[in-house]
A.B. asks: 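The structure's right below; bear with me while I get my questions together.
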Amino acid sequence: QVQLVESGGGLVQPGGSLRLSCAASGSSISSFTMGWYRQAPGKQRELVATISTGGSTDYADSVKGRFTISRDNAKNTVYLQMNSLKPEDTAVYYCNAKRWGYVRWGQGTQVTVSS
């Protein structure tokens with residue numbers, strides 16, 4: 001049992017930056033593949049980035065070079081650093097933990113990129 005709580009969302013201007021945090025409790029994240037997903041209004045949820053237990057990362061093409069996913073197992077927290085934000089990045093961002101057949105989602109945090 002792992003519980004995930006996202007934070008760090010908010011309103012930011014185009015070109016700005018935000019850092020999202022996903023704080024886990026109930027279990028260590030060290031054995032989980034962690035990910036960030038997002039869902040914009042009227043659209044399906046999509047993968048943003050993942051990081052494996054070994055630290056390898058993968059990104060959606062739309063965010064490559066702008067977003068960075070990282071994990072701090074000692075703090076039991078996963079981060080998503082978002083730079084050069086664009087209006088199309090506006091969405092609810094969800095944290096995800098996966099291990100074998102077990103998948104857990106956070107409640108989401110709203111990111112709005114607007115001038």
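Just so we're clear, the structure is a prediction, and the values are computed from it rather than from any experiment. Worth knowing before you read on, the calculation uses all heavy atoms, side chains too, and leaves out hydrogens, waters and symmetry mates.
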A.B. asks: Would you indicate whether the side-chain heavy atoms of F32 and S27 approach each other to under 4.5 Å?
C.D. replies: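 Answer yes - side chains close enough.
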A.B. asks: Over all heavy atoms of both residues, which pair between S17 and Q81 is shortest? Give the atoms and the distance, please.
C.D. replies: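 Here S17 and Q81 meet closest at CB-NE2, 4.0 Å.
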A.B. asks: Is D89 salt-bridged to K86, going by a charged N under 4.0 Å from an acidic O?
C.D. replies: no
A.B. asks: What closest approach, in Å, do S21 and T77 show between heavy atoms, and which atom pair accounts for it?
C.D. replies: CB-CG2, 4.3 Å
A.B. asks: Are W36 and N96 side-chain neighbours, meaning at least one heavy-atom pair lies under 4.5 Å?
C.D. replies: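 W36 vs N96: side chains apart.
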A.B. asks: Are the side chains of V2 and Y102 in contact, using a 4.5 Å heavy-atom criterion?
C.D. replies: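 They are in side-chain contact.
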A.B. asks: Is there a path of hydrophobic side-chain contacts, each under 4.5 Å between heavy atoms of I, L, V, M, F, W or Y residues, that connects L85 with V48?
C.D. replies: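 They do share one cluster, since a chain of ILVMFWY contacts under 4.5 Å joins L85 to V48.
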A.B. asks: Would you tell me whether R66 and S84 have side-chain atoms, one donor and one acceptor, within less than 3.5 Å of each other?
C.D. replies: no
A.B. asks: Do the ring planes of F67 and Y93 sit parallel (below 30°), tilted (30 to 60°) or perpendicular (above 60°)?
C.D. replies: tilted
A.B. asks: Using a 3.5 Å distance criterion without hydrogens, assess whether the side chain of E6 forms a donor-acceptor pair with backbone atoms of Q107.
C.D. replies: yes
A.B. asks: Report, as yes or no, whether the 6.0 Å neighbourhood of atom CD on E88 holds more than 12 heavy atoms from other residues, nucleotides or ligands.
C.D. replies: yes
A.B. asks: Could you list all the disulfide bond (SG atoms under 2.5 Å apart) pairs where at least one residue sits in residues 27-70, not counting sequence neighbours?
C.D. replies: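 Disulfide bond (SG atoms under 2.5 Å apart) check on residues 27-70 returns no pairs.
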A.B. asks: Write down the atom of I51, the atom of I69, and the distance for their closest heavy-atom approach.
C.D. replies: CG2-CD1, 3.7 Å
A.B. asks: Drop me the distance from T50's OG1 to Y59's OH, to the nearest 0.5 angstrom.
C.D. replies: 8.5 Å
A.B. asks: Does Q1 reach the side chain of R104, with side-chain heavy atoms less than 4.5 Å apart?
C.D. replies: yes
A.B. asks: Would you say W105 and L47 are hydrophobically clustered, going by side-chain heavy atoms of ILVMFWY under 4.5 Å?
C.D. replies: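 Shared cluster, yes.
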A.B. asks: Working to the nearest 0.5 Å, report the span between CZ of R71 and OG of S52.
C.D. replies: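 One finds 7.0 Å between CZ of R71 and OG of S52.
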A.B. asks: Counting distance only, does the side-chain N/O of S56 pair as donor-acceptor with the main-chain N or O of G54 below 3.5 Å?
C.D. replies: no
A.B. asks: Out of the candidates L20, V92, L18, L80, only one should pair with T109 under the side-chain contact (heavy atoms from CB on, under 4.5 Å) rule; please name it.
C.D. replies: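 With T109 as partner, side-chain contact (heavy atoms from CB on, under 4.5 Å) holds for just one option, L20.
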A.B. asks: Any side-chain heavy atom of T33 within less than 4.5 Å of one from R99?
C.D. replies: no
A.B. asks: Is the cationic atom of R45 (NZ for Lys, CZ for Arg) positioned less than 6.0 Å from the six-membered ring centroid of Y94 and within 45 degrees of its normal?
C.D. replies: yes
A.B. asks: Among residues at least two apart in sequence or on other chains, which ones pass side-chain contact (heavy atoms from CB on, under 4.5 Å) with S30?
C.D. replies: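 In terms of side-chain contact (heavy atoms from CB on, under 4.5 Å), with neighbours along the sequence ignored, S30 is linked to S28, N73.
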A.B. asks: Quick one: do M34 and L4 satisfy side-chain contact (heavy atoms from CB on, under 4.5 Å)? Show the steps, please.
C.D. replies: CA-CA 11 Å; M34 305 298 296; L4 306 172; 4.1 Å; yes
A.B. asks: Could you tell me if the side chain of L11 sits less than 4.5 Å from the side chain of S114, heavy atoms only?
C.D. replies: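 Answer yes - side chains close enough.
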A.B. asks: If only atom types and distance count, is the side chain of R38 paired as donor or acceptor with the main-chain N or O of A91 below 3.5 Å?
C.D. replies: no
